[in-house]
Trainee: 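My structure is below; once you've seen it, I'll send some questions.
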There are 2 protein chains.
Amino acid sequence: MAESLEQLKDRVTAYLATHLANDIDQPTLAASMRYSTMAGGKRLRPTLTLATVEILGGQLDADVMRAATALELLHTYSLIHDDLPAMDNDDLRRGAPTNHRKFGAGMATLAGDGLLTLAFQWVTDNHLPAAVKSRLALELAKAAGPAGMVAGQARDIEGTGQQLSLDQLRYLHRQKTGALLRYAVLAGGIITAQPEKVQRLLAQFGASYGLAFQIYDDLMDVVGTTAQMGKQVGKDAAEHKNTYPGLLGVAGAEEQLHQALHQARDTQTALCRLTGRSFAAYDDFLAYFKL
Amino acid sequence: MAESLEQLKDRVTAYLATHLANDIDQPTLAASMRYSTMAGGKRLRPTLTLATVEILGGQLDADVMRAATALELLHTYSLIHDDLPAMDNDDLRRGAPTNHRKFGAGMATLAGDGLLTLAFQWVTDNHLPAAVKSRLALELAKAAGPAGMVAGQARDIEGTGQQLSLDQLRYLHRQKTGALLRYAVLAGGIITAQPEKVQRLLAQFGASYGLAFQIYDDLMDVVGTTAQMGKQVGKDAAEHKNTYPGLLGVAGAEEQLHQALHQARDTQTALCRLTGRSFAAYDDFLAYFKL
């Protein structure tokens, strides 16, 4: 019987709590890296990887846990650097002081650098086959790097205050949020050594899911409450960020969200047909988008 | 006939000039990453890898060039983040404005993040065997990460203004500078698939070389000139940094340098004996330390 999302999330958090400190060799750096990593959150990305491994018949052993949880390290780095005074200059994250407010901007920069680098250690210092490990490192680097997430961040900085077209906005978010969620699902296929065709569909599901995720996040910043989202809402408009509702209105953004979810469900169906396995577990991830 | 250090350095620079832009998908980010990567420098780390590959009979083909040059991306990231206002707050690097002075601290942070991540892409998106690629990614992550270089940086920040013991100072520098130079030499052994015993000696040579490098750098900050070093001297004392001459005086630091060089030469001899190959090319690297 497959584990629920909640169980997978708890396993990721427990793995981090047990193993993170072993790989850090300076006390303040350890405190700073641990502070943001253990600050809560949905653990969405590694949970997507683990659910995909389970769907495809893989075991969630220590090696798979390590390789999958690496993505949470990388995600946490992106939040710490994103919050820095030189970037978004945020004081609060998940209701608590941001890393630099607690440890100073220098240590926060290093904590992010440490988490990013440690992510590549965790995908390669396990006992999965070498071909799997080198492919995970490569796909993670492409998703997170200067043609992926970092490019999206740069595009976001450069585009703030400018009016982007829908195509430009979609492209920005495909890099900024989409690439890592795409990797999260694809990684489950790499770990279980799926054929090329299955890996392509997994990546496609992840990409559609990532698009839906970003549109939903934008929408909630307009129509959601702070309590519901666990973070301050109404920030995007105040900061002249380019968003889906800003560009298309709430109804237009909802329409885009429905399209992305429709694509994700189509791909889910195609994956069932191609592999003969049930991808019903993905329903739990798609249930996240409540309007 | 093996290539000279100068030739290897030029090959690294040419490789960067040709290939860097292909992997960056945002114009300002590309300009910022390129600015620091092409700002000159000795290209010492990839040159150490390439010289080691040549000594051990490997070819410097496109795949080896890519895997070796990745280390220069990583080294450049460390300089950009180190210079940031939140860290050392330097205005000049190699006689030119630092990255954040030219592109702003936000884009400089992203350029560093992009270079760090791209380094892991370059060690894994080539055609070397999967076992070599995953091992390179792992050793690079360990050398650069929160038990290596990033820990050394954190120790440096935390130790500034405090008096460290010689053991503490050596430990700091083993992490901060030594780990990456150790990796540079070891990588040549991984790429050419050397036996464990040879890899251990290569790592040992790199570690001794790295120690000598840091002591020499500290010494030159006291006895060198700005023209000779291509950077401002006398900074360490002004900033109350812990250094070898600060702790041991110039003569004591010179004595430590000679010890480190002696160790490096012993290991060089052991490598010749074990492999039956000439490691004379390492003489050129050791000739760097002129007092």
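Below, chains carry the letters A, B, ... as their sequence lines are ordered, and counting in each starts from 1.
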Trainee: Could you look at B:M149 and say if it's the side chain, the backbone, both or neither that has a heavy atom under 4.5 Å from chain A?
Mentor: neither
Trainee: Which of the residues A:A119, A:A147, A:G148, A:A105 is involved in the greatest number of heavy-atom pairs with chain B at under 4.5 angstrom?
Mentor: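 Highest number of heavy-atom pairs under 4.5 Å: A:A147.
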Trainee: Tell me the closest heavy-atom pair linking A:G114 and B:P146, and the distance in Å.
Mentor: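 For A:G114 versus B:P146, the nearest heavy atoms are O-CD, 3.6 Å.
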Trainee: For chain A, which of B:L140, B:V132, B:L74, B:L118 has the most heavy-atom pairs under 4.5 Å?
Mentor: B:L118
Trainee: Please tabulate the donor-acceptor pairs under 3.5 angstrom that span chain A and chain B, backbone and side chains included.
Mentor:
unit_1	atom_1	unit_2	atom_2	d
A:D25	N	B:P146	O	2.8
A:D25	O	B:R155	NH2	2.2
A:D25	OD2	B:Y171	OH	2.5
A:D25	OD2	B:Q175	NE2	2.7
A:T28	OG1	B:E158	OE1	2.8
A:H81	ND1	B:D113	OD1	3.1
A:H81	ND1	B:D113	OD2	2.9
A:D113	OD1	B:H81	ND1	3.1
A:D113	OD2	B:H81	ND1	2.9
A:P146	O	B:D25	N	2.8
A:R155	NH2	B:D25	O	2.2
A:E158	OE1	B:T28	OG1	2.8
A:Y171	OH	B:D25	OD2	2.5
A:Q175	NE2	B:D25	OD2	2.7

Trainee: Name the region of B:I24, side chain, backbone, both or neither, that has any atom closer than 4.5 Å to a heavy atom of chain A.
Mentor: both
Trainee: Heavy-atom distances under 4.5 Å only: say whether B:L110 touches chain A with side chain, backbone, both or neither.
Mentor: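 For B:L110, heavy atoms of backbone and side chain both lie under 4.5 Å from chain A.
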Trainee: Output the distance between atom CZ (B:F120) and atom CG (A:L136), rounded to the nearest 0.5 Å.
Mentor: 14.0 Å
Trainee: Name the member of B:L84, B:I157, B:L116 that forms the most heavy-atom pairs with chain A at distances under 4.5 Å.
Mentor: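 Most heavy-atom pairs under 4.5 Å with chain A: B:L116.
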